[in-house]
Amino acid sequence: MADYRLEASWSPVEGSFGRFTFTLFNLSAEPLSGFTLACTSLTRVADEHVAEGATLKRRVANFHEYSPPEGLIVKPGGSWRFTMEGLTNGPKHVTAGIKSAYLTLGDGRHAPVSFGDLMLDGMEQGALPELLPKGEVSEPYSLLPWPLHQALRPGDMPPIALYPAAGTSAKNTRAVAKVLALYQRLFPDDDVPFALQPVEGGRQIRFKGESSIMDAAYELRFTGKEIILGTDDASGLLYGLISLAQLLHGARHEPETFQFPVFGTIADQPRYEWRGCHLDVSRHFYPVADVKRLIDILAWNKLNIFHWHLTDDEAWRLEIKAYPELTKIGAKHGPDEVLLPQFGDGAEPRSGFYSQDDVREIVAHAGMLRVDVVPEIDIPGHSTAALLSLPQLVERQEAPGGYHPEPNNPNNALNPAVEFTYEFLGKVFDEMLQLFPSQYIHIGGDEVPHGSWLASPLCKMLMEREKLAGTAELQSYFLRRIKAMLVERGKKLVGWNEVSHGGGVDRDGTLLMAWEKPEVGIELAGEGYDIVMTPGQAYYLDMAQAEDWGEPGAGWAGFTPPEKTYSYEAEGELPEELRERMRGIQACIWGENFASRSYFNRLVFPRLSAVAEAAWTPFLRKDWLRFAAIVRMWPTL
Ligand code: TNX
């Protein structure tokens, strides 16, 4: 147990974003004096604020440090209480408060402080709403995503196991073994769905090449005697086998509801080729094993893109051999480190990044499951960690607070007029080429605030020379150079929707993710970009799932119950002639709210499967109650 505990509550105030009340308890045996209290809070205290009982000594992005009144002594068992009125936004949920806390004592040592979620003053919390109904099915098959076509007759007893018919090729046997291993990782307590040798009471699978069907498609024909699996590529083979494992999983787990087919066919193929899930590992770091398990879960849900958000303001998580500082400095947080403690960090310094060996392991794991790993380094904005790790990236003459993108650090964008920026990125891309076989590299491009770089003398010169009118055109200049660097290296550029600002980049081989709303995506498609829809209102899995205070998650895009994610149609009013441009949809898992595993699971599941079904199944074949009945048997992290 920590010697100190900090409790925080919030009360609404007419005409403002309300007031925080903090109480620090001294649980140690010694009186506490001559200290400061540091904490990270998602809701920030504004520069203009009224403090009672403390002063805000400094604030850097979400990091706050408070000093008690001169001479304050907190006795053992005693507490210190203070309030802050004047916040940058109004908190909406329990998770909007403290994410890390520690004390700096008189002698410079740092002491851990425990804390909990943000309380709402004077309000009963009440029970949280049920987010998932029990569900019901009209056809007894546990397939999720639901297939394009099926006409099946259920059998009474599921087969004991499925096994490859005599004479099955090594490639197909290996595919069975692969899905068997996947199943064992996801459901270690369950009976296995496959065996490699014939099993009494089992059913054999016969494999058939089916050159007339499209990529990732498969056909299953069931007879009492065998199952014929027709595919034309490795993805179809994988998905056909996963469907068989899913059918057995349901029939065994809930035999009153689900059965295994004895006759009939499934003819299945995905609605979209890009069925993605993004993971922000900058705000919250996930060990290799967690990332691999998430990829297992993606494959089980037939998602095929893992968009790996490896850098942001808070941390740079990818080892780059040419610049070891990026992870030595830029992936480490601590009270006396260059990067201050953030979400979930405490008094002890803590570091987390992926070595190039880790990356190779993850990419190989994903590749085996037909998941393409699309790495993102978020530039030019969201780059505090890189800028603090490599001071050569900083424009020395630029005013230190030239622009201030809340909630991030001031001047958090790579400077397009600093030539070293391109040398640096060239080397980063060169190393990424060796690690990531994907044809795509995501370069972010989001949230560069208006006014960025305008206090940079070097940018002023560049603007004159290149006849650029402001921030957006500077950004476009930068991104066009980045695009050329990627093209030179044989890669396609992926970015967030703001890449199109100020003239954008060459459309050819550029894919943009519309996160602000689907209309933005439609506009971009009209401008000639390929698009993927990642609407914050429906597919951001960090968004809270109900309005209730007690429901964890972010609130900036409202709240998103699983049913909303499920029933959302991301194409919106996409005109027929732009359909070609829409490559797919994607869920995004931003990390600010995921300090605990239980919050991760509560927020990500079942909404991730809801996006997976939207990515695979035609809109008219979706069915919320069927989804609810099946998804409760699906794995979580
Ligand atoms: C917006 S979406 C962001 C992220 C945050 C997220 C939180 C986007 C391109 N930028 O930096 O983590 O909201 O929901």
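Ligands are counted one by one from 1 in listed order, and the atoms in each one are counted from 1 as well.
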Quiz item: Taking the six-membered ring for Trp, are Phe285 and Tyr354 parallel (under 30°), tilted (30 to 60°) or perpendicular (over 60°)?
Solution: tilted
Quiz item: Is the cationic atom of Lys622 (NZ for Lys, CZ for Arg) positioned less than 6.0 Å from the six-membered ring centroid of Tyr566 and within 45 degrees of its normal?
Solution: yes
Quiz item: Around ligand 1, what residues show up once you keep those with a heavy atom under 4.0 Å from it?
Solution: Arg283, His382, Asp446, Glu447, Trp496, Trp515, Tyr540, Asp542, Trp556, Trp590, Glu592
Practice problem: Quick one: do His365 and Asp296 satisfy side chain to side chain donor-acceptor pair (under 3.5 Å)? Show the steps, please. | Solution: CA-CA 9 Å; His365 186 82; Asp296 283 346; 2.7 Å; yes
Exercise. Would you please classify the geometry between the Tyr422 ring and the Tyr477 ring as parallel, tilted or perpendicular, with 30° and 60° separating the classes?
Key: perpendicular
Quiz item: Using 30° and 60° as the class limits, which term best fits the ring planes of Phe436 and Trp308: parallel, tilted or perpendicular?
Solution: perpendicular
Self-check item: Residues Glu376, Trp496; criterion side chain to side chain donor-acceptor pair (under 3.5 Å); working and verdict
Solution: CA-CA 10 Å; Glu376 176 182 358; Trp496 300 106; 3.0 Å; yes
